[in-house]
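Every number for a ligand or one of its atoms is a count from 1 in the order of the listing.
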Amino acid sequence: MASESVALPFTIEPTTAPTPADHRADLIANPAFGRVFSDHMAMVRYSEGRGWHDARITARKPFPIDPAAAVLHYGQEVFEGMKAYRLESGGIATFRPEENARRFQASAARMAMAALPQDIFMTAVDELVRIDRDWVPTGEGKSLYLRPFMIATEVFLGVKPASEYLFMVIACPVAGYFGSGCVSVWVSDAYTRAAPGGTGAAKCGGNYAASLIAQRDSQTHGCDQVLFLDSREQRYVEEMGGMNVMFLRDDNTLVTPPLTGTILPGITRDAILRLARDQGLTVEEAPVAIDEVFEGAATGRYREAFACGTAAVISPIGSFRRTQGEAVFGDGKTPGPVTLALKKTLTDIQAGRTNDPHGWVHMIG
Ligand code: PLP
Ligand code: COI
């Protein structure tokens with residue numbers, strides 16, 4: 001069963017060559033996203049017959065892979081993104097990790113991969129953070145980004161679900177994904193991200209591979225990010241390459257596209273919707289027509305927009321651009337007050353600066 005409880009003992013093999021403390025301090029002072037890695041990694045193997053086995057925390061290093069491993073040919077891969085935060089109290093915590101464990105199972109199911117029991121996912125993450133606790137940076141907006149992922153390792157070129165998998169977790173200290181200020185977003189009319197019945201709701205590498213050309217396109221149009229529209233009519237907002245999107249209307253309604261299977265069910269998205277309700281906003285999960293956003297930005301009906309996700313946290317959107325023109329929120333540079341208030345509430349909970357009304361903070365040590 002997907003959610004069965006399995007206690008798998010992890011062998012802990014500390015690295016024999018830890019990064020010296022002064023070098024580590026330099027590395028984590030202001031790391032570029034995804035460029036700096038901690039000393040260890042978690043690894044667990046799966047094979048049909050044996051099930052999950054050989055769980056270990058070990059020195060982070062390259063590992064051998066057969067050139068015929070299925071992942072290299074058919075892209076059977078899923079991943080997660082989550083963060084460990086250093087709390088005001090000095091402790092370390094993750095945010096809603098059981099939701100990542102659940103989504104990981106859902107993504108794996110969509111890609112016909114083995115189900116990783118949630119206990120193994122949670123233990124791998126907790127043990128990695130414990131051994132690399134000195135890599136969790138201190139300071140506003142900083143955290144240890146965790147990347148659990150699973151690849152098909154069966155050596156076989158036939159097209160079928162693999163019978164062997166490798167689950168791993170790696171970690172990197174990060175600051176913001178974007179610089180400060182507002183993000184500009186290109187609305188793609190050339191590419192879509194996901195179709196009904198496709199893999200849009202799964203966090204699989206293939207979705208990101210398919211989005212890269214659109215992301216590059218957004219940069220050639222002078223934007224930071226790309227927004228995808230629905231693949232049927234190209235009328236409705238879906239999500240961005242690596243984050244969900246939300247809008248604030250002038251009737252104090254926070255609106256975001258519904259989870260119909262073509263967008264990723266973001267854990268940050270879910271948290272923000274709950275916090276927005278707590279703050280007295282009306283929340284709507286409803287289709288958002290892109291024409292309405294462009295008209296609404298001009299009339300003031302649409303006041304604010306932001307991207308949200310683990311890496312992006314809450315990133316204010318200053319403008320959307322498309323072939324036919326531009327939609328600018330405010331002066332295009334200053335984040336809206338509701339966006340900022342939601343960001344503060346969310347990040348205060350994540351950093352332990354305020355109480356945790358929904359029980360989202362998972363203490364590690
Ligand atoms: N949508 C996509 C395509 C993403 O890659 C992410 C990031 O993980 C999100 C949305 C936001 O999800 P979460 O808030 O769980 O990080
Ligand atoms: C995350 O937010 O964790 C993601 O996976 C998105 C990616 C842009 C880093």
Side-chain angles (χ1 to χ4, degrees), residues 31-37 77-85 94-107 110 121 125 141 143-150 169-179 183 185 188 191-195 198-212 214-216 218-219 224-231 237-246 256-276 285 306-315 317 342-343 346-347 349-350 360 362:
F33 188 94
R35 296 275 184 201
V36 175
F37 294 93
E77 188 264 1
V78 293
F79 69 97
E80 269 304 321
M82 51 204 293
K83 284 175 172 172
Y85 304 87
T94 50
F95 183 71
R96 309 185 75 187
E98 59 296 328
E99 294 299 323
N100 295 94
R102 233 191 300 277
R103 188 171 65 189
F104 196 68
Q105 286 189 335
S107 299
R110 177 61 183 82
F121 182 102
V125 169
S143 58
L144 187 67
Y145 184 79
L146 299 157
R147 174 51 60 85
F149 64 102
M150 175 161 58
V169 190
I170 53 174
C172 45
V174 296
Y177 190 73
F178 298 114
V183 179
V185 180
S188 185
Y191 305 101
T192 57
R193 179 181 175 277
T199 58
K203 205 162 166 57
C204 57
N207 287 343
Y208 297 78
S211 76
L212 297 178
Q215 174 62 25
R216 194 170 61 188
S218 76
Q219 276 146 10
D224 304 303
Q225 270 290 320
V226 60
L227 177 77
F228 292 103
L229 301 178
D230 75 284
S231 62
V237 171
E238 296 252 296
E239 64 177 323
M240 296 167 50
M243 46 214 83
N244 295 117
V245 62
M246 296 197 184
T256 194
L259 302 177
T260 57
T262 53
I263 67 174
L264 193 78
I267 296 162
T268 317
R269 172 190 181 280
D270 180 76
I272 292 168
L273 295 181
R274 283 210 231 169
L275 295 174
E285 294 178 73
F306 60 85
C308 58
T310 299
V313 194
I314 291 182
S315 297
I317 295 173
L342 286 168
K343 181 173 177 182
L346 176 68
T347 53
I349 294 172
Q350 289 171 332
W360 286 337
H362 169 78

With a 4.5 Å limit on heavy-atom distance, are the side chains of [X] and [Y] in contact?
X	Y	result
K343	F306	no
T268	T310	yes
R147	C172	no
D230	T262	no
E99	D270	no
T199	C204	yes

For [X], counting its heavy atoms only, list the atoms of ligand 2 lying under 4.0 Å from any of them.
X	result
K203	4 (C), 5 (O)
F79	5 (O)
T310	2 (O), 3 (O)
G81	3 (O)

Shortest protein contact, [atom] (heavy atom only):
atom	answer
atom 3 (O) of ligand 2	Y145 OH, 2.5 Å
atom 6 (C) of ligand 1	G242 O, 3.2 Å
atom 8 (C) of ligand 2	Y177 OH, 3.4 Å
atom 12 (O) of ligand 1	G266 CA, 3.4 Å
atom 14 (O) of ligand 1	T268 OG1, 2.5 Å
atom 16 (O) of ligand 1	T310 OG1, 2.6 Å
atom 8 (O) of ligand 1	K203 NZ, 2.8 Å

- Task: Please could you name the atoms of ligand 1 that Y208 approaches to less than 4.0 Å, counting only its heavy atoms?
- Result: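 Matching atoms, with element in brackets: 2 (C), 3 (C), 4 (C), 5 (O).
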- Query: For ligand 1, which atoms sit closer than 4.0 Å to a heavy atom of G309?
  - Reply: 11 (C), 14 (O), 16 (O)
Between [X] and [Y], which heavy-atom pair has the shortest distance, and what is it?
X	Y	answer
R269	C308	CA-SG, 4.1 Å
A194	S231	O-OG, 3.3 Å
E239	L264	OE2-N, 3.0 Å
A101	F121	CB-CD2, 3.5 Å
V226	S188	CG2-CB, 3.7 Å
M243	A312	SD-CB, 3.5 Å

Assess [X] for proximity to ligand 2: is some non-hydrogen atom of it under 4.0 Å away?
X	result
R147	yes
Y208	no
E80	no

Ligand 1 contact by [X], heavy-atom criterion under 4.0 angstrom:
X	value
E80	no
R193	yes
S211	no

- Task: Kindly say whether the aromatic ring centers of F33 and Y145 come within a distance under 6.0 Å.
- Result: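 Yes: the rings meet the under 6.0 Å criterion.
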- Considering S211, C308, G242, which one's heavy-atom position lies nearest to atom 6 (C) of ligand 2?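 Selected option, by shortest heavy-atom distance: G242.
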- Quick one: which of M240, R103, K83, M243 has a heavy atom closest to atom 15 (O) of ligand 1?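 That would be R103.
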- So, does Q219 use its side chain to make a donor-acceptor pair with the main chain of A214 at under 3.5 Å? no
- Counting heavy atoms only, which part of E239 comes closer than 4.0 Å to ligand 1: side chain, backbone, both or neither? side chain
- Query: Should A311 be counted as touching ligand 2, given the test is an N or O pair under 3.5 Å?
  - Reply: yes
